[in-house]
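Here the structure comes first, spelled out in structure tokens, and everything after it is commentary.
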Amino acid sequence: MTARFDQAPWATAGIQTVQPGVHRVPLPLPNDGLHAVNVYLLEDLDDDGGIVMIDGGWAIPEARKALEEALAAIDRDPGDISHILVTHIHRDHYTQAVELRRLLGSRVYLGAGERPGLEMLDRLRSDRPVGSLRTLRAAGAGELADRIETMEHGGYDPSVWEAPDHWLGAETLRFGERELRVVPTPGHTKGHVVFLDERRGLVFSGDHVLPHITPSIGFELAEPGGHPLADYLDSLRLMTRYADARLLPAHGPVADSTHTRVGELLAHHDDRLGRSLAALGEDTLDAHAVARKLAWTRRAVPFGELSAFNQMLAINETAAHLDVLVLRGRVTVARADGVQRYTRVR
């Protein structure tokens with residue numbers, strides 16, 4: 001019999017049946033403020049009776065054990081996993097998918113926009129967030145970038161950073177009589193995708209739409225480029241073009257309405273754009289200086305109280321908001337000595 005549990009402590013180990021044939025399983029993360037990542041097991045898609053898994057989890061023994069226990073609760077085992085559809089390349093979503101393929105022969109699918117990041121990993125043989133560090137230096141935070149670059153990032157293991165079996169675009173995947181629509185949603189990463197089960201009214205949203213937090217913007221392994229926040233806002237609005245559906249996120253509990261949360265996220269970023277503009281004021285500042293004037297997280301934590309890693313995320317997000325203000329004609333930007341500085345349009 002399926003073990004069920006209250007969603008309030010959503011990261012509690014176990015398995016939750018969202019609806020018949022669809023199960024949510026939180027897998028543990030090592031030393032991570034998010035505590036767990038949800039993977040989803042879809043039982044009735046594969047013609048051969050296999051399981052389609054959405055997101056793979058982090059390749060650590062604790063996650064493998066939790067997955068095996070969850071499968072046993074529905075009288076299945078890891079060998080039943082035929083396909084693993086991954087929303088994006090971050091290690092808490094991708095690395096165990098590759099490990100399961102090596103052990104079990106499962107087929108792994110990943111968004112095509114993640115290909116440059118994966119190829120860069122193979123060239124550098126390091127999992128340092130090179131793109132984000134480059135953005136950090138352009139934001140005037142070179143000292144912080146140097147410090148983060150020397151930190152331990154978990155160690156590069158080529159066995160869990162292999163290419164997928166299939167690169168996903170905007171397409172429809174068919175498993176027997178079931179269909180999953182693949183929707184590219186760049187922003188959190190360039191190649192992020194979500195999976196829509198329109199027949200059952202479900203959105204497997206990865207990190208694109210999260211019920212309690214906002215995802216980091218443009219946290220890339222590859223070279224930075226484009227306008228990740230503008231892409232993210234467009235990707236959020238794209239979700240409202242589809243019928244509203246239950247939200248099955250990678251972090252946090254299942255929610256009843258994707259559209260409601262999308263509206264909240266759009267409002268949040270409108271507020272952050274306003275706060276970023278106010279923090280810039282009448283000065284000419286780099287993104288690091290603007291980030292230091294802002295409060296962070298839902299608890300309004302001062303910038304100086306954030307860890308070095310979270311300071312990096314905060315600065316990169318501030319740069320992304322300032323770049324959107326440039327696109328909207330509210331701010332100008334000039335680059336000198338490798339640093340971008342912003343000035344409010346008067």
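This one's a predicted model, so the numbers in the text were calculated from it and none came from an experiment. The figures here come from the full heavy-atom set of this structure, side chains too, leaving out hydrogens, waters and symmetry mates.
Side chains of Y342 and D323 form a contact here, defined as non-hydrogen atoms less than 4.5 Å apart. H83 places none of its side-chain heavy atoms less than 4.5 Å from the side chain of L180. In this structure, the side chains of P253 and H212 come closer than 4.5 Å at one or more pairs of heavy atoms. Residues V324 and H269 form no side-chain contact, since every pair of their non-hydrogen atoms from C-beta on lies 4.5 Å or further apart. Counting heavy atoms from C-beta on, the side chains of L67 and I81 come closer than 4.5 Å. Here the side chains of S159 and R102 are in contact, with some heavy-atom distance below 4.5 Å. Considering only heavy atoms from C-beta on, L118 comes within 4.5 Å of W161 through its side chain. Between R64 and L100 there is a side-chain heavy-atom pair separated by less than 4.5 Å.
Using a distance-only test at 3.5 Å, with no hydrogens or angles considered, a donor-acceptor pair links the side chain of H192 to the main chain of D207. For the pair N316 (side chain) and L313 (backbone), a donor-acceptor distance under 3.5 Å is absent. A distance-only check finds no donor-acceptor pair linking the side chain of E68 to the backbone of P78 [under 3.5 Å]. Judged by distance alone, with hydrogens and angles left aside, the side-chain atoms of E198 form no donor-acceptor pair with the main-chain N or O of L196 at under 3.5 Å. In this structure, the side chain of R346 engages the main chain of E282 through a donor-acceptor pair within 3.5 Å. The closest donor-acceptor contact from the side chain of D337 to the backbone of V339 lies at 3.5 Å or more, if one exists at all. With hydrogens and angles disregarded, no donor-acceptor distance shorter than 3.5 Å links the side chain of H188 to the backbone of G206. With hydrogens and angles disregarded, no donor-acceptor distance shorter than 3.5 Å links the side chain of E99 to the backbone of A59. R178 contributes no side-chain N or O that, together with a main-chain N or O of R199, makes up a donor-acceptor pair within less than 3.5 Å. When atom types are taken as modelled, the side chain of S276 and the backbone of L322 share no donor-acceptor pair closer than 3.5 angstrom.
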### Task
For the pair D55 and F204, evaluate side chain to side chain contact (heavy atoms under 4.5 Å, CB included) and give the outcome as yes or no after the intermediate values.
CA-CA 9 Å; D55 277 331; F204 300 92; over 6 Å; no
### Message
Run T214 and L265 through side chain to side chain contact (heavy atoms under 4.5 Å, CB included) and show every step you take.
### Response
CA-CA 7 Å; T214 59; L265 288 167; 3.4 Å; yes
### Task
Evaluate the salt bridge (Lys or Arg N to Asp or Glu O under 4.0 Å) criterion for residues E264 and R261: first the C-alpha distance (whole Å), next the side-chain angles of each, then the deciding distance (0.1 Å), finally the verdict.
CA-CA 5 Å; E264 293 170 352; R261 183 54 180 159; 3.0 Å; yes
### Message
If you apply the rule side chain to side chain contact (heavy atoms under 4.5 Å, CB included), what do you find for L173 with L168, and how did you get there?
### Response
CA-CA 9 Å; L173 302 175; L168 293 166; 4.0 Å; yes
### Task
Please test I84 against R101 for side chain to side chain contact (heavy atoms under 4.5 Å, CB included), starting from the C-alpha separation and ending with a verdict.
CA-CA 9 Å; I84 307 174; R101 177 180 64 184; 5.8 Å; no
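Counting all heavy atoms, side chain and backbone alike, A314 lies closest to L306 at CB-CD1, 4.0 Å. S106 and D165 get closest at one heavy-atom pair: O-OD2, 3.9 Å. Of all heavy-atom pairs spanning V254 and P249, the tightest one is CA-CD, 4.1 Å. Shown here for P215 and H208, the closest heavy-atom pair between the two residues is CG-O, 3.9 Å. Of all non-hydrogen atoms in R137 and D146, the two that sit nearest each other are NH2-OD1, 2.8 Å. In this structure, E114 and W167 approach most closely via the heavy-atom pair C-CZ3, 4.1 Å.
Shown are T258, D197, I54; of these, the side-chain contact (heavy atoms from CB on, under 4.5 Å) with L202 is made only by D197. When each of R76, Q16, E43 is paired with H23, the side-chain hydrogen bond (donor to acceptor under 3.5 Å, both in side chains) condition holds for E43 and for no other.
Ring orientation note: the planes of H166 and Y109 are tilted relative to one another, at an angle of 30° to 60°. Taking the six-membered ring for Trp and thresholds of 30 and 60 degrees, F303 and H288 have ring planes inclined between 30 and 60 degrees apart.
The ring-ring contact (aromatic ring centres under 6.0 Å, His included) check on H93 picks up H88, H251, with sequence neighbours excluded.
With rounding to the nearest 0.5 angstrom, the CG atom of D92 is 10.5 Å from the CG atom of L27. The CE atom of M312 sits 9.0 Å away from the OG atom of S307 when rounded to the nearest 0.5 Å. Rounding to the nearest 0.5 Å places CG of L294 at 10.5 Å from CG of L280. The OG1 atom of T185 lies 12.0 Å from the CG atom of D234; values are rounded to the nearest 0.5 Å. Annotation: the span from L233 atom CG to L273 atom CG amounts to 7.0 Å, rounded to 0.5 Å. Expressed to the nearest 0.5 Å, how far CG of L41 lies from CZ of R24 amounts to 11.5 Å.
Few gaps surround CD on E171; more than 12 heavy atoms of other groups in view lie less than 6.0 Å from it. Heavy atoms from other residues, nucleotides or ligands lying under 6.0 Å from CZ of R272 number more than 12. Heavy-atom neighbours of R299 CZ from other residues, nucleotides or ligands within 6.0 Å: at or below the threshold of 12.
Under the 4.5 Å side-chain heavy-atom criterion for ILVMFWY residues, a single connected hydrophobic cluster contains both M53 and L104. A chain of hydrophobic side-chain contacts below 4.5 Å, direct or via other Ile, Leu, Val, Met, Phe, Trp or Tyr residues, connects L71 to L103. No chain of hydrophobic side-chain contacts below 4.5 Å, direct or via other Ile, Leu, Val, Met, Phe, Trp or Tyr residues, connects L277 to L327.
For the residue pair S257 and D244, a side-chain donor N or O sits within less than 3.5 Å of a side-chain acceptor on the partner.
Taking 4.0 Å as the cut-off between side-chain N and carboxylate O, E69 and K65 count as a salt-bridged pair.
In this structure, R275 fails the cation-pi test against W296, since its NZ or CZ atom is not both closer than 6.0 Å to the six-membered ring centre and inside 45 degrees of the ring normal.
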